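Take a look at the structure below.
Owing to the predicted nature of the structure, the values given are computational and were not obtained by experimental measurement.
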Amino acid sequence: MSEQQASPAGEPGAGEMLRDERERQRLHLEDAAEQLNLRPSLVADMERDNYEQIPIPTYRRGYLRAYARLLGIDDRMIVAAYDRVHGRNDLDERRVAPISSIKPPSRMGAIAFRVVTVAVVVILAVMTLLWWEGRESAPGYGDDSAMPENVTQQNSADNPALPPTPEAQPAVDNTSSDGSGNMTDSAPVDTAIATRVAGGSDGNIPEPGSLQVDTPEGRNGATGGLVDTAGEEKAAADPIASGRSMKMNFGSESWVDVRDANGTTVLRGLQQSGTTATIEGVPPFRLTVGNANQVTIDYKGERVDMSQHAGSSNVARFTLGE
């Protein structure tokens, strides 16, 4: 149903008044709509007093006032012409929500709060003062050298159960009267026993530094421990045959990360095309190789099949020498 209604006889409507003024000023409809920031069809309906595109009456009056101010005429006259046709019932039905006021706290409540706060502060101050006075009056406070009267120091000389102090022990002179350092007052040394221990039963005392100790085969005469001949042979073996070395050839650029059993990074970073790297470390090796199909690895004299380790992203993550 159209919103357009007929105005009272002899009185033009709001839209008609706006249209006449616009035409008198020779202002095109599109120019007026552009300055109002409205669609031309909406402005044309307003000039025909058709407000179907503006369902809210408050917006209608606002657009009419803006159009009247654009043309330089009294907007109250335009709104009055609209109200003559459409009425003002929408303004009378507007309800204003009651405003709830927040009452400030009473004066007595503020006074009571202050009194309670002051009382709490005073009580805390008094308790702190009493604690401090009691701490200072405690026996032995501030004097580390003070001791109770009923406790006396016991000297080791008065108590035979305690060992004598270093000052009370007699000094022992181990130097002989001739200055040789031998204890002449001590028991005589049995040189025959010492000779048998040092040089055997024949009584020949070896020269200093020439004492020999017979040890079983496979043991170290200096330490008495087993000789690790297998470890020495392993260390002297070829690194390639022992698995401590590998060779990597890069047919194209490849990012690699190689770490040995100790967690040491032996090779890491972007390797250029056509380069070769020889790696040595403690097996097993943990490898991450990018662009794996362009990298060849020789380990223990054999070529590693990279196709078994490279995934769909052409990145290989595997371990050698397990």
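- Here the CD1 atom belonging to Ile111 is positioned 5.5 Å from the CE atom belonging to Met108, to the nearest 0.5 angstrom.
- Within the 4.5 Å cutoff, side-chain heavy atoms of Met306 are placed close to those of Val289.
- By the 4.5 Å heavy-atom criterion applied to side chains, Ile279 and Lys247 are not counted as neighbours.
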- Quick one: do Ser254 and Gln272 satisfy side chain to side chain contact (heavy atoms under 4.5 Å, CB included)? Show the steps, please. CA-CA 7 Å; Ser254 174; Gln272 300 298 325; over 6 Å; no
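- Taking CD1 of Ile56 as the start and OH of Tyr51 as the end, the distance is 15.5 Å to the nearest 0.5 Å.
- Here the CD1 atom belonging to Ile297 is positioned 4.0 Å from the CE atom belonging to Met248, to the nearest 0.5 angstrom.
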- Test log, rule side chain to side chain contact (heavy atoms under 4.5 Å, CB included), inputs Leu71 and Gln25: CA-CA 8 Å; Leu71 298 176; Gln25 296 182 14; 3.9 Å; yes
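- Nearest heavy-atom pair across Trp255 and Leu270 is CD1-N, 3.7 Å.
- The main-chain N or O of Glu47 is found under 3.5 Å from a side-chain atom of Arg19 such that the two form a donor-acceptor pair.
- Within the 4.5 Å cutoff, the side chain of Thr264 has no heavy atoms near those of the Arg259 side chain.
- Considering only heavy atoms from C-beta on, Glu52 stays 4.5 Å or farther from Asp45 through its side chain.
- Looking at every heavy atom in both residues, Ala32 comes nearest to Leu27 through CB-CD2, 3.9 Å.
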- Message: Run the side chain to side chain contact (heavy atoms under 4.5 Å, CB included) test on Leu64 and Met46 for me, step by step, so that the C-alpha distance in whole Å, both residues' side-chain angles and the decisive distance to 0.1 Å come before the verdict.
- Response: CA-CA 8 Å; Leu64 291 173; Met46 288 171 58; 3.8 Å; yes
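- Two residues are said to be in side-chain contact when any heavy atoms from C-beta on lie closer than 4.5 Å; Asp257 and Leu287 fail this criterion.
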- Message: For a side chain to side chain contact (heavy atoms under 4.5 Å, CB included) check, start with the C-alpha distance between Leu130 and Met127, then their side-chain angles and the critical distance, and finish with the verdict.
- Response: CA-CA 5 Å; Leu130 293 176; Met127 293 178 64; 5.8 Å; no
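- At distances below 3.5 Å, not a single donor-acceptor pair connects side-chain atoms of Arg244 with backbone N or O atoms of Pro283.
- Contact record, Thr288 with Val315: CG2-CG1, 4.3 Å, taken as the closest heavy-atom pair.
- Taken to the nearest 0.5 Å, the CZ atom of Arg76 stands 13.5 Å off from the CG atom of Asp83.
- Panel note: side chain Asn314, backbone Asn293; a donor-acceptor pair is recorded below 3.5 Å.
- Nearest heavy-atom pair across Gln271 and Phe250 is CG-CZ, 3.5 Å.
- When only modelled atom types and interatomic distance are considered, Tyr82 and Arg61 share no side-chain donor-acceptor pair under 3.5 Å.
- Crowding of Glu23 atom CD: a count of heavy atoms from other residues, nucleotides or ligands under 6.0 Å exceeding 12.
- Taking OH of Tyr63 as the reference point, atom CG of Leu36 lies at 10.0 Å (rounded to 0.5 Å).
- Met17 places none of its side-chain heavy atoms less than 4.5 Å from the side chain of Asp20.
- Side-chain contact between Leu29 and Val43 is present, with heavy atoms from C-beta onward closer than 4.5 Å.
- Atom CG of residue Asp31 and atom CZ of residue Arg26 lie 14.5 Å apart, to the nearest 0.5 angstrom.
- Residues Glu253 and Asn291 share a closest heavy-atom pair of O-ND2, 3.0 Å.
- Side-chain heavy atoms closer than 4.5 Å link hydrophobic residues (I, L, V, M, F, W, Y) into clusters, and following such links, possibly through other members, connects Ile78 to Leu42.
- Ion pairing between Glu16 and Arg48 fails under the 4.0 Å rule for side-chain N and carboxylate O.
- Between Arg303 and Asp305, no side-chain nitrogen of the basic residue sits less than 4.0 Å from a carboxylate oxygen of the acidic one, so the salt-bridge criterion is not met.
- Put simply, Tyr67 and Met77 are part of the same group of oily side chains (I, L, V, M, F, W, Y) that touch within less than 4.5 Å, one to the next.
- Minimum heavy-atom separation, Pro12 to Arg84: O-NH2, 3.8 Å.
- Between Met246 and Asp298 there is no side-chain heavy-atom pair separated by less than 4.5 Å.
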